[in-house]
Structure formats: structure tokens, C-alpha cells
Amino acid sequence: MEGPSLGSTTRNNIQEQPDSSAARGLEGLDGEVLWPGADGFDEARSIENGRFDRCPTAIVCCASNDDVVAAISFAREHDLEIAIKGGGHHVAGLAVCEGGLMLDMSRLKTIDIDLEARVVRAGTGLTWGELIGATQAHGLATASGTTATVGIAGLTLGGGLGLMMAKHGYAADNLLAARVVTADGRVLTASEDEHRDLFWALRGGGGNFGVVTELTFRLHPIGPVVTGVMVAHPIEDAADVLHFYREFTDSGLSDDLVIAVMLCHLPDGSGARVLFTGVHFGSEEDALRELEPMRTFGSPVSVSIGPTPYITLLNPPEAEDTKGRGASLKSSFLRELSDEAIQAITRSFAASPSPWCSVLLEHFHGALTRVPVDATPIPYRKAGHNLLAFAFWPDLDTSGEHMAWTDQTYETLWPFFDDYVFPNYVDGALLEDKATARRAYGPNLERLMRIKTTYDPENIFHLNLNFAHTATEAEHIPKTH
């Protein structure tokens, strides 16, 4: 099943053969070019979300900045749409395009750790599991996402919420520099010292400004063992558990604790549960003290609060391989977790069509709230809750009913939503809704558009949460629903 189109796909007359005269611009690369039918082509074009089965004209497996420069030049010369694949996890299938040129960044896996300065330079072909696995060998980590197989670039450029956001902010807050290939083929280093406007925009503005080949992150002393949290309650107690979650998170959590609650079905088929998951970065004694109310609340089916390797939280042994499954996600911040919202959440989950559906609430507090709204493009800098309705289903023939459920859940909960959405979580038709950019970037949108005009005036990089519309149009984008 194909998702909504994004931008205009240009069909072209390049022969699908490596010796095509039109393809000479891609000769002599440090990496390689994969053409349809070549060994590895189908694997390279595959992404996490099985709803999207797109076939690019060619895939450039980039192994250097020069490869990226050549690929962009080739795409522009032949009027080809450009898709960029890091981890390939974006739920809207943005990593692959039909008939265009796909840049596969997975070979850029360099890691350079400076233990004295506590920074790491990382190639954007890395996943979070690979990067955090390397830094944890030294008891260090940067603010990552929550899943080992997600690529470091897409998540960071879209803001990057995760397990460390209360202690050290978003992934974008921990970015110190980025190597970027722009639409005109320049290779730039963006940081507080060079191209500061571009550096600001990259920390949440997505892939709108160029192809990022390397990221430099600040590292923090973390782990290798932390306190992991997993507490399961019967689904019948969902409303009571959500009320407790509201009271617990309103009680003033420390920066050491990140907690979420999910209404879900267990992967072993044993039924639905309300599941607390999280991590505490303080001492085990402090963790047990702060988590005591959660440990003793209600009648949990299971309680697991104790020492856990930090890398295991990103890559738990019981995690399912969801690659190739259909996926749909709808998300927004809540104004408040009111009694009415709790009722709507529990009803929506009860209406889910299969065990592959879940509703997640993520709590925001701590370090991320102490960053000024205009310090990065991400304006959500207050305590609150983000809601996600998502589904990962193995039978693609059932895509319609699962997508209908996420859509309906989003519509049902719309009256309870705040005016913000997190950029990493924008799916489907919302990418083409100009109001979405306003909800994602708020008062920072106009500055982002000015920088977009500077670095990509022709909107070459548009397979993203795009904001290439004019400033005049932006003034009329509604700031509320």
C-alpha cells in the first residue's frame, strides 16, 4: 500500500543500466551505485514501514562527502527527487522515493570519541544502538532516542526526544556541530562558530537544509548500569492507572527520571496491559525512593525496577523486529491529562482492531524545559504529556483498518490537544498540511523559512516536514486548531 505522495515525483529517461551514458556522473564514487535488479538493491530500498514499496531510479551508497556532492549534482542535472536514508525509520516513508535518487548513508559509520573533551563525532550511517554501544564502553552517552535501530541523523534533526530528555534535554540540545552538504554542493561545518544560522536550524528543523554526513555530540557520564522501570497493570485498571500516572508526574519528578505509560498488548500474546516504562539515572537508593509510589500502587501484574544496562533499554531482548510491517502513527501534545481525556484514551484503545495497536503517553519535564523557546527550532519547552496512537501490523492487507484506527483516535482526542506537535512524529497527510509546520515550530517557523531560503532556495530537499512556502503564506497559517 502506498502512502500519500510528497512533492512531485519526476519520471525520467535514464536507462536502468550501470553503463548508461546518462549515468556517467555517478562513476568513480568511493561507495557504489545500485541500479534496479542489482544485488542489494531491494534490500537497500527497503525501510521500516512496509506500507511503502517505492522504487528509486538508483541508490547511491555514499561512503564520503564527495559521494554526496556527486549524488546531489546528478539528481539536479536529471531533475530527480532526492530521498535520504539513514535508519529508514520515519513512519511516513520519507527515506525512499519513487523514480528519484535515493542516498543510502548506512556506510558512514565513523566514530571518534574524545574522552577528555567528552564529545563524539559520528557518521550519520550509525544507529543509536551502534553509537551508544561504543560510548557506553567508556561509561558515556549522549541524549539518544529510545530504539537501537533508529538512525542518529533523522531523530536528531527532528529534535530527538528520548530516555535522557529530563536529565540532558533533546538530542538536538546536545548537538555541537554538523557536517552538511548543501544543495549547491558545498561541504559546510555548522556550529556555534561557523554558519551559526544553519547550526541553529539543524537542531530540530529536519532535513530541509542539506544532507548531513557527520554529527558531533556532547557526552555525559551515564551507566553503564542504570535503574530500569517496567511495571504492568491489568488493562481493566487503565483509568485508575492513568489517574495515578497524572498525580505521580504532577508531584515534581527529578531530572533523573523519565517515565511513560502505554496501553498495549504484550508480545507473548498474554493479553492487554497498562505498562509503565522508564529509566532512573540516579543511585539505586534514590531511584527506589522516588519510584516507591509506582511500585506500591494498585495491583500490578508484574514489577521490574532495578539495575539494567543502559544499552539494554535501547535494545531489550524481548523487542520485536517490526521492519516490513505496516505502520501508522498520530501524535500531539495534550493541554492537560484531564479526566475527560483519560476516558477518551481508554475508549479509543478499547476500539483498536487488533493486538498491534497501542496508545502511549510520554511525560516531559526537567532539563528540556529550561532551554529558551528560541534556542533551537523546537518550541515545546514546558512540562506536559505527548500522546501517540500507533500501530505496527504484520499483514499489509489490513493496513486500511489500522490506519483508520489511528486516524479515528487522533480525531477523538483532538479536543484535548495543545497547539504543538513534535516534528519526529508527523505522519501521513499531516506532512502536507501547512498548519503542521506552525504546530511543530510555533514562533520559530519564520526564522526557519528564512534559513531554508538561504541554503535551499529551490527546495531540493523537500521529503521532510517541509516549510518552503513563503513568509506571506506563513503569516496566515493558524496558530491554533
Side-chain angles (χ1 to χ4, degrees), residues 43-44 46-49 61-62 84-91 95 104-113 115 118-165 167-175 178 212-230 258 260 262 267 277-279 281 307-325 327 329 360 362 390 392 424-425:
E43 176 60 27
S46 68
I47 58 174
E48 182 75 10
N49 193 344
C61 302
C62 299
I84 305 162
K85 179 184 177 183
H89 271 258
H90 198 291
V91 71
D104 181 352
M105 312 300 286
S106 63
R107 301 190 183 193
L108 298 176
K109 291 185 180 293
T110 56
I111 301 177
D112 182 8
I113 302 171
L115 295 177
R118 285 185 180 169
V119 300
V120 58
R121 288 190 294 116
T124 52
L126 291 165
T127 64
W128 284 113
E130 292 168 333
L131 179 59
I132 299 301
T135 62
Q136 278 289 274
H138 306 282
L140 300 170
T142 191
S144 70
T146 59
T147 305
T149 55
V150 169
I152 68 170
L155 183 127
T156 301
L157 298 178
L161 57 85
L163 297 175
M164 237 185 278
M165 59 186 181
K167 191 169 183 66
H168 295 299
Y170 301 130
D173 297 335
N174 290 269
L175 187 64
V212 177
T213 61
E214 183 181 86
L215 297 170
T216 301
F217 295 102
R218 181 183 297 110
L219 292 172
H220 308 278
I222 294 292
V225 176
V226 294
T227 300
V229 181
M230 186 169 290
V258 165
M262 180 165 58
T277 62
V279 58
F281 293 102
T308 307
Y310 181 59
I311 190 65
T312 300
L313 296 177
L314 298 181
N315 192 25
E318 70 276 9
E320 293 183 279
D321 182 6
T322 58
K323 186 173 183 179
R325 292 187 178 187
L329 181 153
L360 175 70
E362 299 171 310
F390 61 95
F392 296 96
N424 288 132
Y425 287 152

Rounded to the nearest 0.5 Å, how far does OG1 of Thr322 lie from CZ of Phe390? 10.0 Å

Residues passing the side chain to side chain donor-acceptor pair (under 3.5 Å) test with Asn424, sequence neighbours excluded, are none

Is the backbone N or O of His168 less than 3.5 Å from a side-chain atom of Asn174, with the two atoms forming a donor-acceptor pair by type? yes

Under 3.5 Å, which donor-acceptor pairs link side chains of residues 141-163 to any protein atom two or more places apart or in another chain?
residue	atom	partner	partner atom	Å
Thr142	OG1	Arg218	O	2.8
Thr149	OG1	His89	NE2	3.1
Thr156	OG1	Ile152	O	2.7

Contacts of Lys323 that satisfy side chain to side chain donor-acceptor pair (under 3.5 Å) - sequence neighbours left out: Glu43, Ser46

The side chain to side chain contact (heavy atoms under 4.5 Å, CB included) partners of Pro309 (sequence neighbours excluded) come to Ile311, Thr312

Do you know the tightest heavy-atom contact between Pro316 and Leu314? CD-C, 3.5 Å

Do any pairs count as a ring pair (Phe, Tyr, Trp, His ring centres under 6.0 Å) and have a residue in residues 124-165, sequence neighbours left out, and if so which ones? Trp128-Phe217

Heavy-atom pair of closest approach, residues Ala134 and Ile111: CB-CD1, 3.8 Å

Rounded to the nearest 0.5 Å, what's the gap from CD1 on Ile222 to CE on Met164? Could you check? 4.5 Å

Across all chains, not counting sequence neighbours, the ring-ring contact (aromatic ring centres under 6.0 Å, His included) partners of Tyr310 are Phe281

Could you go through residues 119-126 and list every donor-acceptor pair under 3.5 Å that involves a side-chain atom there, pairing it with any protein atom two or more places apart or in another chain?
residue	atom	partner	partner atom	Å
Arg121	NH1	Glu214	OE2	3.4
Arg121	NH2	Asp112	OD2	2.5
Thr124	OG1	Val212	O	2.8
Thr124	OG1	Thr213	O	3.4

Could you list all the salt bridge (charged side-chain N to carboxylate O under 4.0 Å, His left out) pairs where at least one residue sits in residues 146-162, not counting sequence neighbours? none

Nearest non-hydrogen partners of Leu215 and Ala178, listed with the distance: CD2-CB, 3.8 Å

Residue list, side chain to side chain donor-acceptor pair (under 3.5 Å) with Thr308, at least two apart or on another chain: none

Quick test of your reading: applying salt bridge (charged side-chain N to carboxylate O under 4.0 Å, His left out), list the pairs with at least one residue in residues 138-163, sequence neighbours left out, ordered by first then second residue. none

Hey, what do you get for CE (Met165) to CD (Glu362), rounding to the nearest 0.5 Å? 5.5 Å

For Lys85 and Ile47, indicate whether the former's side chain and the latter's backbone hold a donor-acceptor pair under 3.5 Å. no

Salt bridge (charged side-chain N to carboxylate O under 4.0 Å, His left out) partners of residues 130-146, not counting sequence neighbours, each pair once: Lys109-Glu130

Thr216: what forms a side chain to side chain donor-acceptor pair (under 3.5 Å) with it, not counting sequence neighbours? none

